[in-house]
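Report on the following structure.
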Amino acid sequence: MRKPVIAGNWKLYKTSSEALELITSLKPMVENNKSVEIVVAPVFTVIGSVKHAVTGSPINLAAQDCFWEEEGAFTGEVSPKMLIDAGCSHVIIGHSERRQYFGETDTTVNRKIKAALGAGLTVLFCIGETLAERDGDQTLDVLKTQLCGGLSGLSADHLASIVIAYEPVWAIGTGKTATDEQAQDAHSFIRGVVGGLYGPTTADAMRILYGGSVKPDNIKGLMAQPDIDGALVGGASLKADSFAAIANYGG
Ligand code: 13P
């Protein structure tokens, strides 16, 4: 059985007082939810205070990125070891916004994944096609390239600490969700690629999240698909009631 993951990516939102207000409201709304792995990913500067606020609750903390070196002369970077020190158990790597605006490539994603796993973090590894790629019938090629690049050199054991997030770029922040069927098709393809690389046992155990305009009113349909194991939520994770409604989709 794959335990569903509902993760909130707060992106570049929330000062410390706003983050504390959000997490303090969210905590009681999800405290009895044992069936889902709940994760929130605040900006680096508030991870410490949010960690303090979630102590004793089932909410896990993620960072939105990390560097691949442990320490050194790398101004502006944060290492996996430092994320653990700050209270993170998870890290998002390869988000399309990092690929689009910050020069992230499959090679840098791969280096970051290896470093994060080496430090003991669970990785939320993001892949997804742009609208032009979908319109040009390249979706499956793009997903395969991103998967093979990101996972290069990793063993089946490593994959136990990876969660894949399929986030079609055209559905992010646009209000345009992939249909349940489009998402299921992509997830089933991704599971097949993982199976081809690592075998059926690893593929069966791999959790694959959907991301892109997930809201309380579309989560149930998505979660009813056989290969969708959770969601990576942007906009709707910035409000306690909508994120809690998504995390508590099972009732
Ligand atoms: P939205 O839910 O705002 O579309 O964002 C999705 C996302 O990018 C999560 O990482």
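Note that the numbering runs from 1 along the sequence shown for the chain. Since the model is a prediction, treat every value here as computed from it, not as a measurement. Atoms within each ligand, like the ligands themselves, are counted from 1 in listed order.
- For E21, the CD atom counts as loosely surrounded, since its 6.0 Å shell holds 12 or fewer non-hydrogen atoms of other residues, nucleotides or ligands.
- When the options R99, K144, R134 are evaluated for a salt bridge (charged side-chain N to carboxylate O under 4.0 Å, His left out) with E129, the one that passes is R134.
- Within the structure, ring pair (Phe, Tyr, Trp, His ring centres under 6.0 Å) contacts touching residues 164-189 (residues at least two apart or in different chains) are Y166-H187.
- Residues passing the side chain to side chain donor-acceptor pair (under 3.5 Å) test with Q184 are D227, sequence neighbours excluded.
- One finds a salt bridge joining K81 and E70 here, because a Lys/Arg side-chain nitrogen approaches an Asp/Glu carboxylate oxygen to under 4.0 Å.
- The side chain to side chain contact (heavy atoms under 4.5 Å, CB included) search around D229 returns R2, R191, R207, I208, not counting sequence neighbours.
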Kindly print each ligand 1 N/O atom paired with any protein N/O atom under 3.5 angstrom away, one pair per line, or none if nothing qualifies.
from, atom 1, to, atom 2, distance (Å)
ligand 1, 2 (O), S213, N, 3.4
ligand 1, 2 (O), G234, N, 2.9
ligand 1, 3 (O), G235, N, 2.8
ligand 1, 4 (O), G173, N, 2.6
ligand 1, 4 (O), S213, N, 2.7
ligand 1, 5 (O), K11, NZ, 3.3
ligand 1, 8 (O), K11, NZ, 2.8
ligand 1, 8 (O), H95, NE2, 2.8
ligand 1, 10 (O), N9, ND2, 3.0
ligand 1, 10 (O), H95, NE2, 2.9
ligand 1, 10 (O), E167, OE1, 3.2
ligand 1, 10 (O), E167, OE2, 3.0

